[in-house]
Amino acid sequence: MKDTLGPLMQRNLLEVFGQRDSARRAIVIAEIYATDCTFYEAEERVGRDALSSKVDAILKEGPGFVFRATGPAQVNHDLGRQKWSSDRLGTPPVTHRYGRRDLRERENSGPVHLSR
């Protein structure tokens, strides 16, 4: 898992949370997430559709902003963390707020838990 979780974290950031086209995002979510994946934030959301809906809400909060990795994913066994920033495409970072996405992977079924 250690060899696959880092690239998975990158895909999650760029192709799930960075994808504004919900149909394209749904394809990637189906490829990399378990059907019963759980997103933890203020509330718990379960399932691929719930995850995509949450991403829609996040992206609507920052029109024109893009997510960027601020370094390689950090992986420890079946846990991974990707540090990121968001800013306007083609401009220097306007926000110094850095967040992270944590994934926990279940063998043979893809990520099942995601926290922001």
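Computed over heavy atoms, backbone and side chain alike; hydrogens, waters and symmetry mates excluded.
Expressed to the nearest 0.5 Å, how far CD of Gln74 lies from CD of Gln82 amounts to 8.5 Å. For the atom pair CZ (Phe67) and CH2 (Trp84), the distance works out to 5.0 Å, reported to the nearest 0.5 Å. Asn12 contributes atom CG, which lies 10.0 Å from atom CG of Leu5 (distance to the nearest 0.5 angstrom). The distance from the NZ atom of Lys54 to the CZ atom of Arg45 is 5.0 Å, given to the nearest 0.5 Å. Considering CD1 of Ile32 and CD1 of Ile27, their distance stands at 12.5 Å, rounded to 0.5 Å. Considering CZ of Phe39 and OG of Ser53, their distance stands at 10.5 Å, rounded to 0.5 Å.
With sequence neighbours excluded, no residue satisfies side chain to side chain donor-acceptor pair (under 3.5 Å) with Arg20. Arg68 pairs by the side chain to side chain donor-acceptor pair (under 3.5 Å) definition with Asp87, not counting sequence neighbours. Shown here are the side chain to side chain donor-acceptor pair (under 3.5 Å) partners of Asp56, two or more places apart in sequence or in another chain: Arg25.
Contact between Ile29 and Ser52 at its shortest, heavy atoms only, is CD1-CB, 3.8 Å. Of all the heavy atoms in Val46 and Ala50, the pair that sits closest is O-CB, 3.4 Å. The minimum heavy-atom distance linking Gln10 with Gly71 is given by the pair NE2-O, 4.1 Å. Nearest heavy atoms, Pro7 versus Thr4: CD-O, 3.3 Å.
Between Tyr33 and the choices Leu51, Leu8, Thr38, the side-chain contact (heavy atoms from CB on, under 4.5 Å) rule is met once, by Leu51.
A salt bridge links Arg11 with Glu31: the closest approach of a Lys/Arg side-chain nitrogen to an acidic carboxylate oxygen falls below 4.0 angstrom.
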